[in-house]
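Atom set for the values below is all heavy atoms of this structure, side chains included, hydrogens, waters and symmetry mates excluded.
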Amino acid sequence: MSSESTPRSESTPRSEPVSLSTALASFTDLWSPRIVTAVNDYDVRIAKVEGEHVWHVHDHTDEFFLVLEGELTIALRETDSERTVILPRGSVFTVPRGTEHKPYAPNGASILMFEPTGTLTVGDRHDEVPHHVDATTGHALA
């Protein structure tokens with residue numbers, strides 16, 4: 001987690017357009033999302049990711065992913081099986097609430113997510129959080 005990033009306590013819509021490529025170029029931290037704007041009670045977050053996240057569950061919300069660059073893989077533990085979805089650039093996927101999942105990007109990726117404001121990146125239940133994963137509700141975009 002970057003010491004220059006500060007958690008954002010309240011999300012608001014931006015009054016000016018936001019260039020996602022410029023926003024992504026403004027930070028280097030991995031698995032540490034930045035809040036680019038808000039829509040109703042949802043944050044629009046971007047993140048750079050590489051390697052593995054952590055197995056986790058969001059008990060009360062779905063989690064939406066859009067891959068902006070690279071490729072994201074999401075392992076899912078569903079009711080009676082496990083499966084993996086691969087999301088190339090431009091792909092979207094929604095992990096249903098209550099589904100244990102673990103995103104990973106062996107070669108790195110940039111992603112956009114929609115999540116209710118205040119949602120922790122490691123969900124409501126999770127494995128031990130590794131050092132490289134930022135357990136946050138998102139950081140303000142510089």
Taking the side chain as every heavy atom from C-beta outward, state whether [X] and [Y] have any atom pair closer than 4.5 Å.
X: V39; Y: V44; answer: yes
X: V54; Y: P130; answer: yes
X: V122; Y: H53; answer: yes
X: I111; Y: L68; answer: no
X: D43; Y: P116; answer: no
X: D124; Y: H60; answer: yes
X: L72; Y: F65; answer: yes
X: V95; Y: D62; answer: no

For this session: For the pair E71 and R89, find out whether any cationic side-chain nitrogen is under 4.0 Å from an anionic carboxylate oxygen.
Result: no
Rounded to the nearest 0.5 Å, what's the gap from [atom1] on [X] to [atom2] on [Y]? Could you check?
X: M113; Y: T94; atom1: CE; atom2: OG1; value: 13.0 Å
X: H139; Y: I35; atom1: NE2; atom2: CD1; value: 8.5 Å
X: T84; Y: K102; atom1: OG1; atom2: NZ; value: 10.0 Å

Exercise. Among R77, E82, E78, whose side chain to side chain contact (heavy atoms under 4.5 Å, CB included) with E100 holds?
Worked result: R77
Exercise. Pick from V92, I74, L66: which one makes a side chain to side chain contact (heavy atoms under 4.5 Å, CB included) with L87?
Worked result: I74
Using modelled atom types only, decide if a donor and an acceptor are shared between the side chain of [X] and the backbone of [Y] within a distance under 3.5 Å.
X: T121; Y: T136; answer: yes
X: T99; Y: P96; answer: yes
X: W55; Y: H126; answer: no
X: K48; Y: A25; answer: no

Ignoring hydrogens and angles, state whether a donor on the side chain of [X] or [Y] is under 3.5 Å from an acceptor on the partner side chain.
X: E52; Y: H132; result: no
X: D41; Y: T117; result: no
X: S32; Y: R34; result: yes

For this session: Could you check I46 against L24 for side chain to side chain contact (heavy atoms under 4.5 Å, CB included), going step by step and ending with a plain yes or no?
Result: CA-CA 7 Å; I46 56 170; L24 284 162; 3.8 Å; yes
Problem set entry | side chain to side chain contact (heavy atoms under 4.5 Å, CB included) between L76 and V85, worked out | CA-CA 8 Å; L76 302 158; V85 295; 4.1 Å; yes
Exercise. Going through the checks in order, is the salt bridge (Lys or Arg N to Asp or Glu O under 4.0 Å) test met by D59 and R97?
Worked result: CA-CA 6 Å; D59 289 326; R97 72 189 71 203; over 6 Å; no
For this session: Check A47 against P33 and note the closest heavy-atom contact, atom names and distance.
Result: CB-CA, 4.0 Å
Exercise. Looking only at heavy atoms, which two atoms of P103 and W31 are closest? And how far apart?
Worked result: O-CH2, 3.7 Å
Exercise. Is it the case that R45 places NZ or CZ above or below the six-membered ring of F114, under 6.0 angstrom from the centre and within 45 degrees of the axis?
Worked result: no
Problem set entry | Verdict with supporting geometry, S26 and L141, side chain to side chain contact (heavy atoms under 4.5 Å, CB included) | CA-CA 8 Å; S26 72; L141 186 62; 3.7 Å; yes
Exercise. According to a 4.5 Å side-chain heavy-atom criterion applied to Ile, Leu, Val, Met, Phe, Trp and Tyr, with indirect links allowed, do I86 and Y104 form part of one hydrophobic cluster?
Worked result: no
Problem set entry | Criterion side chain to side chain contact (heavy atoms under 4.5 Å, CB included) on V49 and L30, from CA distance to verdict | CA-CA 5 Å; V49 299; L30 298 175; 5.8 Å; no
Problem set entry | Geometric class of the H56/H58 ring pair [parallel <30°, tilted 30-60°, perpendicular >60°] | perpendicular
